[in-house]
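Here the structure comes first, spelled out in structure tokens, and everything after it is commentary.
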Amino acid sequence: MYKIFNYISYFICSFVPLFLLLILYFLFINNKLLLFIFTILFLHGICYLMYMISSKPNNIITFLPTEIKTTKKFDLSYIWLIFIFTCIIIVDFKYYNFFIVVFAVLLILYRIKFLFISYTLLLLGYKVYNMRGYLVYSKKTKKDMELHLKKYKYLQVKEITDNIIIDKDTYLLNKYFCT
């Protein structure tokens, strides 16, 4: 159940900038129900974002310095999800069958293996790297990451989902987990 909560929360947290724009839009058109729903989603996204960034690391993962690959800043699957959501929300609900749209979104998420870049974390100054199938968010540059991995050979991370992690170097975990 905890992993499902992490998937859903990461998904909600990834769309915080869109939720803020939709809140402003619903304030403008005076739709109180959707304004309430997106305010709740926005607050949940902000709270989970603060939890992700401030919590202690819960794992140590070993990487080689040669495994660091920078990712593209333009994630097409994320753009498709934003397009679908804005079309659903802004256009009146009576023209769409809601279950077909939810099925389409879940199909897109399953196809991309729930692996998409969170632009909210990028706006907060994190850089994203692709390392052995993981999306690793870190405040370090690529050169700093390579130097860190050459020296320590591991990263202290906070696991968000099975393949999305945040580099947390502020706490000292026991490095003997790596042996």
Side-chain angles (χ1 to χ4, degrees), residues 1-20 41 44-86 104-179:
M1 185 68 182
Y2 181 70
K3 286 189 179 193
I4 293 171
F5 177 75
N6 274 350
Y7 278 123
I8 293 170
S9 295
Y10 177 76
F11 183 75
I12 291 172
C13 175
S14 298
F15 292 101
V16 165
L18 176 67
F19 294 153
L20 185 61
L41 288 173
H44 175 76
I46 294 295
C47 291
Y48 186 73
L49 187 66
M50 290 188 310
Y51 167 74
M52 278 192 312
I53 292 172
S54 65
S55 62
K56 292 182 179 180
N58 60 1
N59 203 353
I60 292 178
I61 299 178
T62 58
F63 291 110
L64 295 173
T66 57
E67 292 178 326
I68 300 174
K69 297 176 188 162
T70 56
T71 60
K72 298 177 185 175
K73 299 294 184 213
F74 183 73
D75 191 3
L76 190 60
S77 56
Y78 183 82
I79 301 300
W80 274 110
L81 288 172
I82 284 182
F83 179 72
I84 289 172
F85 278 135
T86 51
V105 169
L106 288 175
L107 186 65
I108 290 172
L109 287 173
Y110 180 74
R111 174 112 168 98
I112 62 173
K113 298 177 185 165
F114 292 88
L115 190 66
F116 56 92
I117 296 173
S118 174
Y119 286 99
T120 306
L121 290 172
L122 291 180
L123 289 173
L124 291 175
Y126 283 87
K127 294 160 188 63
V128 63
Y129 303 104
N130 191 351
M131 303 168 89
R132 200 182 330 132
Y134 289 98
L135 276 183
V136 179
Y137 292 96
S138 177
K139 292 266 186 177
K140 300 175 189 168
T141 63
K142 185 176 178 183
K143 186 175 253 185
D144 291 339
M145 285 284 269
E146 287 174 351
L147 289 174
H148 178 81
L149 288 174
K150 282 181 184 176
K151 184 175 180 181
Y152 296 110
K153 306 215 182 334
Y154 66 90
L155 285 177
Q156 297 180 33
V157 296
K158 171 73 180 158
E159 288 183 313
I160 306 303
T161 63
D162 291 338
N163 48 12
I164 298 171
I165 55 179
I166 295 179
D167 176 29
K168 307 283 286 183
D169 218 13
T170 56
Y171 300 95
L172 295 174
L173 289 176
N174 192 351
K175 67 180 181 180
Y176 299 109
F177 286 120
C178 300
T179 59

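For the numbers below, each heavy atom of this structure counts, side chains included, while hydrogens, waters and symmetry mates do not. If you're wondering where the values come from, they're calculated on a predicted model, not measured in any experiment. In this chain, residues are counted from 1 in sequence order.
With values rounded to the nearest 0.5 angstrom, Leu122 atom CG is found 9.5 Å from Lys127 atom NZ. Put simply, CD1 on Ile165 and OH on Tyr137 are 11.0 Å apart, with the number rounded to the nearest 0.5 Å. One distance of note links NZ of Lys69 with CG of Asn130; it measures 6.5 Å at 0.5 Å rounding. One distance of note links CD1 of Ile61 with CZ of Arg132; it measures 7.5 Å at 0.5 Å rounding. Put simply, CG on Asp167 and OH on Tyr134 are 14.0 Å apart, with the number rounded to the nearest 0.5 Å. The OG atom of Ser138 lies 8.5 Å from the CG atom of Asp144; values are rounded to the nearest 0.5 Å.
Ring geometry for Tyr152 against His148 counts as tilted: the plane angle lies between 30° and 60°, on a 0 to 90° scale.
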Leu147 and Lys140: CA distance, side-chain angles, deciding distance, side-chain contact (heavy atoms from CB on, under 4.5 Å) verdict
CA-CA 10 Å; Leu147 289 174; Lys140 300 175 189 168; over 6 Å; no
Stepwise, does the side-chain contact (heavy atoms from CB on, under 4.5 Å) test hold for His44 with Phe19?
CA-CA 11 Å; His44 175 76; Phe19 294 153; over 6 Å; no
side-chain contact (heavy atoms from CB on, under 4.5 Å) evaluation trace for Val16 with Leu49:
CA-CA 10 Å; Val16 165; Leu49 187 66; 5.7 Å; no
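Residues passing the side chain to side chain contact (heavy atoms under 4.5 Å, CB included) test with Lys142, sequence neighbours excluded: Ile68, Thr70, Tyr129, Glu146. For the side chain to side chain contact (heavy atoms under 4.5 Å, CB included) test, residues two or more places apart in sequence or in another chain that qualify with Leu20 are Phe42.
Cation-pi contact between Lys153 and Phe63: absent, since separation from the ring centre below 6.0 Å together with deviation from the ring axis within 45° is not met.
Shown here for Leu64 and Leu149, the closest heavy-atom pair between the two residues is O-CD1, 3.9 Å. Heavy atoms only, all atoms of each residue included: Val128 and Leu135 are closest at CG2-CD2, 3.8 Å. When all heavy atoms of Lys139 and Gly125 are compared, the closest pair comes out as CD-O, 4.0 Å.
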